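A short worksheet on the structure shown next.
This structure is a prediction, so every number in the text was calculated from the model and none was measured. For reference, positions follow the sequence shown, starting with 1.
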Amino acid sequence: MNQRMQFLSKVSETLLIPLYIRAMESKKKNAMLKDPMAERLIEKIDYDFCSLDSYLDSGSCCIIRAKYYDSNILRSAQNYTSTVVVNVGCGLDTRHLRIPDEKITFYELDLPDVIEFRRKLMPEEDKRYQITKSMFDTTWLDTLRWRHSDSHFIFVFEGVLMYFTKEQVRFILNNIADRFPNGEIFFDMCNKASLKTNFGLLRNFKSRFKMALNSGHEIEFLVRKLRLKDQRQYINEIPIGSQNMDYWSLLQFNITQ
């Protein structure tokens with residue numbers, strides 16, 4: 001029997017967007033990203049995914065973002081004997097299957113309705129754990145620091161932080177930076193012009209972006225322990241022909257002592 005969607009908010013429901021886009025891309029013969037689990041999941045979920053078809057052409061950002069972070073996580077993990085990757089606002093992310101590595105432990109964090117649904121579809125397994133908390137409940141940070149005191153940490157906010165205010169983003173990033181010196185933080189962000197227009201798909205989900213950046217260096221003023229490691233626009237990562245990708249940037253930060 002297919003699992004029926006029951007989320008507490010429209011924001012939580014947006015997790016279906018990247019899932020569907022990854023699944024449709026994965027089905028292509030020459031796919032940029034292979035994600036067999038995403039293909040299986042959309043067959044298990046009772047939802048009208050066809051309602052998202054009109055947005056597939058502009059969905060390259062989700063594919064490029066996933067591929068970019070997958071490759072950079074693997075590259076970073078090669079330098080350490082043990083790495084912990086925390087997917088914050090994980091939704092139905094399947095990265096643990098796309099980049100299996102014995103040296104990486106995955107934690108998936110999201111709100112209770114999302115994690116409950118996720119557990120029905122993808123139960124916990126060895127080296128992959130699920131955390132049912134708001135990211136602003138910082139007790140989970142202390143637990144992870146205690147549990148993996150000798151590990152390198154990478155925090156991934158994929159399609160997450162733009163939904164929150166600058167003060168909320170400052171709060172969570174500062175709390176991470178204070179606890180995990182020498183760790184890394186990956187996230188993506190739209191530019192400030194995007195806040196004026198909002199994207200059609202988001203309007204359909206009754207969602208809005210609240211934060212934007214024109215440069216990753218702006219974060220260094222918000223969070224003094226972060227140093228910009230890499231910033232690139234989606235447009236530089238995708239084939240010619242895709243639209244609106246210059247609104248977005250992929251960002252990586254190192255945490256300093």
Side-chain angles (χ1 to χ4, degrees), residues 1-71 73-74 85-102 104-135 140 156-160 163 188 199-207:
M1 179 181 295
N2 286 7
Q3 295 288 342
R4 182 176 294 276
M5 302 295 303
Q6 288 185 329
F7 290 126
L8 298 178
S9 71
K10 281 288 185 179
V11 173
S12 292
E13 197 171 340
T14 59
L15 66 85
L16 296 173
I17 300 168
L19 173 70
Y20 185 57
I21 290 172
R22 292 198 315 270
M24 292 300 98
E25 177 67 24
S26 184
K27 290 182 178 181
K28 296 178 181 177
K29 182 178 180 180
N30 297 312
M32 288 189 288
L33 183 80
K34 283 295 185 181
D35 195 335
M37 176 57 79
E39 295 182 50
R40 293 196 289 272
L41 288 180
I42 64 169
E43 298 298 327
K44 292 182 178 181
I45 298 172
D46 183 6
Y47 185 84
D48 180 19
F49 283 102
C50 292
S51 63
L52 303 178
D53 281 345
S54 59
Y55 302 105
L56 288 175
D57 288 342
S58 60
S60 296
C61 62
C62 293
I63 303 303
I64 292 301
R65 180 175 65 194
K67 188 173 182 179
Y68 175 79
Y69 289 139
D70 285 0
S71 61
I73 287 169
L74 278 174
V85 175
V86 187
N87 287 317
V88 185
C90 61
L92 293 175
D93 183 72
T94 57
R95 178 165 287 118
H96 66 287
L97 293 172
R98 298 198 305 268
I99 56 169
D101 188 310
E102 286 300 315
I104 301 177
T105 298
F106 288 92
Y107 282 87
E108 322 288 353
L109 181 145
D110 217 314
L111 296 173
D113 57 333
V114 176
I115 293 297
E116 180 183 359
F117 189 70
R118 182 182 175 91
R119 282 176 173 151
K120 292 177 181 177
L121 296 167
M122 293 184 288
E124 287 186 335
E125 56 194 42
D126 184 43
K127 299 185 77 67
R128 185 177 66 83
Y129 309 96
Q130 303 184 103
I131 303 173
T132 307
K133 284 185 183 293
S134 162
M135 68 180 181
W140 63 272
V156 183
F157 296 82
E158 191 170 346
V160 172
Y163 289 102
D188 56 306
F199 295 99
L201 189 148
L202 293 176
R203 289 193 294 272
N204 292 345
F205 278 80
K206 299 179 181 179
S207 301

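- In this structure, the side chains of T132 and L109 stay at 4.5 Å or more apart for every pair of heavy atoms.
- Using a 4.5 Å heavy-atom threshold, the side chains of T94 and L41 count as touching.
- Every residue two or more places apart in sequence or in another chain was checked for a salt bridge (charged side-chain N to carboxylate O under 4.0 Å, His left out) with D101, and none qualifies.
- A heavy-atom distance below 4.5 Å is not found between the side chains of D93 and P18.
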Applying side-chain contact (heavy atoms from CB on, under 4.5 Å) to F117 and L92, what does each step give before you reach the verdict?
CA-CA 9 Å; F117 189 70; L92 293 175; 4.2 Å; yes
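- The minimum heavy-atom distance between K34 and P36, with the atom names listed, is C-CD, 3.7 Å.
- Looking only at side-chain heavy atoms (C-beta outward), M24 and I63 stay at 4.5 Å or farther from each other.
- Nearest heavy atom pair, residue A23 against residue E39, reads O-CG, 3.6 Å.
- By the 4.0 Å N-to-carboxylate-O rule, R95 lies close enough to E158 to be salt-bridged with it.
- Between R40 and E43, no side-chain nitrogen of the basic residue sits less than 4.0 Å from a carboxylate oxygen of the acidic one, so the salt-bridge criterion is not met.
- Considering NZ of K44 and CD1 of I42, their distance stands at 12.5 Å, rounded to 0.5 Å.
- Annotation: the span from R98 atom CZ to M37 atom CE amounts to 11.5 Å, rounded to 0.5 Å.
- In this view, Y20 and F49 satisfy the ring-ring contact (aromatic ring centres under 6.0 Å, His included) rule, not counting sequence neighbours.
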With side-chain contact (heavy atoms from CB on, under 4.5 Å) as the criterion, how do I99 and H96 come out once you've worked through the C-alpha distance, each side chain's angles and the decisive distance to 0.1 Å?
CA-CA 6 Å; I99 56 169; H96 66 287; over 6 Å; no
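- You'll find the side chain of Y129 reaches within 4.5 Å of the side chain of T105, heavy atoms only.
- Residue G159 comes nearest to R65 through the heavy atom pair CA-NH1, 3.3 Å, listed as atom of the first residue, atom of the second, then distance.
- Note that CG of L33 is 12.0 Å distant from CD1 of I21, once rounded to the nearest 0.5 Å.
- Between atom CG of residue L111 and atom CD1 of residue I131 there is a gap of 12.5 Å, rounded to the nearest 0.5 Å.
- Salt bridge status for D110 with R118: absent, with no side-chain N to carboxylate O gap under 4.0 Å.
- Here CE of M32 is found 10.5 Å from SG of C62. Values are rounded to the nearest 0.5 Å.
- V85 places a side-chain heavy atom less than 4.5 Å from the side chain of N87.
- Side-chain atoms of W140 come within 3.5 Å of backbone N or O of M135 as a donor-acceptor pair.
- For K133, the salt bridge (charged side-chain N to carboxylate O under 4.0 Å, His left out) partners at least two apart in sequence or on another chain are D137.
- For the atom pair I64 CD1 and Y69 OH, the distance stands at 12.0 Å (nearest 0.5 Å).
- Annotation for D35 and S26: closest pair N-OG, 2.8 Å, computed over non-hydrogen atoms.
- When all heavy atoms of V114 and G91 are compared, the pair lying nearest together is CG1-CA, 3.9 Å.
- For the pair I73/V156, a side-chain contact is recorded, criterion being any heavy-atom separation below 4.5 Å from C-beta on.
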